[in-house]
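A, B, ... follow the sequence lines: proteins, then strands. Residue 1 opens every chain. What's counted below: heavy atoms across the whole structure, side chains too, no hydrogens, waters or symmetry copies. Since the model is a prediction, treat every value here as computed from it, not as a measurement.
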Protein chains: 2
Amino acid sequence: MPRRPSTDQPGVRSRILDSALREFSLKGYHRAILDEIAAGAGVSKGAVYWHFENKGELFLAVIRQEVSRLIEHVKVVARGSGGSVVARLRAVIAAAVTYYADHPEFCSLLQLSALPGGLELTREVEGMARDMYRQGREMVGALVREGVHRGELDAGRAGVAAPVLVALLDGLMSQWIVDRRAVPLRRLAPDVAGAFLEGIVKRAD
Amino acid sequence: MPRRPSTDQPGVRSRILDSALREFSLKGYHRAILDEIAAGAGVSKGAVYWHFENKGELFLAVIRQEVSRLIEHVKVVARGSGGSVVARLRAVIAAAVTYYADHPEFCSLLQLSALPGGLELTREVEGMARDMYRQGREMVGALVREGVHRGELDAGRAGVAAPVLVALLDGLMSQWIVDRRAVPLRRLAPDVAGAFLEGIVKRAD
DNA sequence: TCCTACATACTGACTGGTCAGTATGCAGGT
DNA sequence: ACCTGCATACTGACCAGTCAGTATGTAGGA
């Protein structure tokens, strides 16, 4: 239990979190070593155990911080400036993709956290991944419902649109991580949005 | 180096692979213990080291086997019975989704193998994941080119269709793994195919 | 067809390195 | 004098990998 620090050295805790993010995203949970996380933060292992109960809790804290940052980043865009729903969906896709491309360490961490429960760590991490996906689907779902209501989107697709868009973004990230050249995230983003919105089938015009 | 066995106990090697698949997919690479893999196969640790160089090679062997099974399974469907490209794309989506749903251990393993290089294991595993995604994109890409040539698919979407479909399938699997109720793979499959092919935007009819 | 001389395919006890977690010390603030 | 916020040194469990030993073949000579 991290006793609430009062005369804290400014930022020790967040420096530990930063260093932990680096190490975990570079080496994974098991190969990340507490002594090196501590060294990376310029403190000792004692400091880590002062601020965090154990390695697992540190990992959870890192994930919590990073996930909430992404969610916040995308939510702002989704609430949007009141344009059309289609425009806001395009913006959401662009925002997510941009965030991925700007935060590769975050992507690594996300892949780790989205592993099936038991792999790598505890069920708790799996629960966080589940929540994250849910929040993503909920956000997209709300947008889609609005779009259907406004007559912009097809009512028949309302049910799958959310899991499909979340899957799309997640899966693109996975491909990008292992092969950045083959899947140039940023460049693809507009076309991806187009394909998601309008499909790939040729229609009469 | 596994010298070719002649008086092999029938199936020891494949029993080890089966047990390793179970353990790795249940516990991940690091928490899977060789003694338990051996016990699960009904042999001793020595037998594991007789057939495989080390733990990493065993992991690679398991992944290779499983990935090539999926690829083969889907490729057969993609070559298809000569129907329309759209029909074959639907069939590919259904085949992949069905395969996922029927082989949850495989899904866990796939998630593990698709981790960024260095996480969990070596660059070699990352290379396999890269190859797998490439093969997937290539397969879809060939289908899409045929579809464009036949006038079924929109030429403007030809470039993104492959990474998008691969992403879609991969991302759906990820969501399904951590939350099977919220993302009922099999039931969603047809609608997913519809969304991918025709998009979600409402069009005038 | 039986014996010799190996080869194959294991067994299971042991070792050595690694690393999470702990015990203890200690400086500065109050 | 005591608490906070660390630093340092240590412990012990865990587990990959090793290796001497064994049991079961089997090819070839006599």
Side-chain angles (χ1 to χ4, degrees), chain A residues 1-24 26-63 112 118-122 124-125, chain B residues 1-24 26-63 112 118-122 124-125:
Chain A
M1 219 163 323
R3 304 89 162 150
R4 300 277 79 221
S6 57
T7 58
D8 205 0
Q9 282 288 36
V12 166
R13 188 188 152 94
S14 73
R15 261 160 51 216
I16 294 174
L17 282 172
D18 286 351
S19 174
L21 170 60
R22 277 197 303 277
E23 293 293 317
F24 283 134
L26 217 61
K27 302 177 186 168
Y29 179 76
H30 294 280
R31 287 178 40 210
I33 291 153
L34 284 180
D35 285 298
E36 289 181 13
I37 292 176
V43 295
S44 72
K45 189 151 68 171
V48 175
Y49 275 90
W50 175 253
H51 287 280
F52 302 92
E53 188 144 2
N54 51 39
K55 192 183 182 183
E57 286 301 317
L58 174 58
F59 186 64
L60 275 170
V62 172
I63 294 188
L112 269 181
L119 298 195
E120 198 72 8
L121 202 54
T122 64
E124 234 172 320
V125 179
Chain B
M1 219 166 321
R3 303 99 165 138
R4 297 278 77 220
S6 58
T7 58
D8 205 358
Q9 283 289 37
V12 165
R13 189 188 153 96
S14 74
R15 261 158 52 212
I16 294 175
L17 282 171
D18 287 350
S19 175
L21 170 60
R22 277 197 304 277
E23 293 293 318
F24 283 134
L26 218 62
K27 303 178 185 168
Y29 179 76
H30 293 282
R31 286 177 41 209
I33 291 154
L34 284 181
D35 283 298
E36 290 181 12
I37 291 176
V43 296
S44 73
K45 186 150 69 172
V48 175
Y49 276 91
W50 177 254
H51 287 281
F52 302 93
E53 190 141 4
N54 52 39
K55 193 183 182 183
E57 286 300 318
L58 173 58
F59 186 63
L60 276 171
V62 172
I63 294 188
L112 271 180
L119 298 196
E120 198 73 7
L121 202 56
T122 63
E124 233 172 321
V125 179

When rounded to whole Å, the CD1 to C1' distance for the pair A/I16 and D/dC6 reads 10 Å

Between CH2 of B/W50 and C1' of D/dT24 the distance, given in whole Å, is 13 Å

Could you pull out the protein-nucleic contacts involving nucleotides 24-27 of chain C (nitrogen or oxygen on both sides, under 3.5 Å)?
none

Picking from D/dT8, C/dT8, C/dA20, the nucleotide nearest the side-chain atoms of A/Y49 would be C/dA20

For nucleotides 10-15 of chain D, print each protein N/O atom paired with a nucleotide N/O atom at under 3.5 Å, atom names and distance only.
none

Self-check item: Steps toward side chain to side chain contact (heavy atoms under 4.5 Å, CB included) verdict (A/I16, A/W50)
Solution: CA-CA 11 Å; A/I16 294 174; A/W50 175 253; over 6 Å; no

Whole-Å distance, A/R13 CZ to D/dT4 P, equals 17 Å

Taking every heavy atom of B/R13 against every heavy atom of B/H51, the minimum-distance pair comes out as NH1-O, 3.5 Å

So salt bridge (Lys or Arg N to Asp or Glu O under 4.0 Å) across residues 34-44 of chain B, not counting sequence neighbours, yields B/K27-B/E36, B/D35-B/K45

When rounded to whole Å, the CG to C1' distance for the pair A/N54 and C/dT22 reads 13 Å

Checklist entry - Does the side chain of B/L17 reach to within under 4.5 Å of the side chain of B/F52, using non-hydrogen atoms? => result yes

Closest non-hydrogen contact found for A/V48 with A/A38 is CG2-CB, 3.9 Å

On a heavy-atom basis, the closest approach of B/R15 and B/A41 is NH2-O, 2.9 Å

inquiry  = Contact between A/H30 and B/Y29 at the side-chain level, heavy atoms closer than 4.5 Å - yes or no?
reply    = no

Do A/L58 and A/K55 make a side-chain contact, defined as non-hydrogen atoms from C-beta onward lying under 4.5 Å apart? no

note: A/F52, atom CZ; C/dG21, atom P; distance rounded to Å ~ 14 Å

Exercise. Evaluate the ring planes of B/F59 and B/F24, with Trp represented by its six-membered ring, and classify them as parallel (under 30°), tilted (30 to 60°) or perpendicular (over 60°).
Key: perpendicular

Select base, sugar-phosphate, or nothing to describe what B/A47 touches, counting heavy atoms under 4.0 Å on all strands.
base

Whole-Å distance, B/I37 CD1 to D/dA16 C1', equals 11 Å

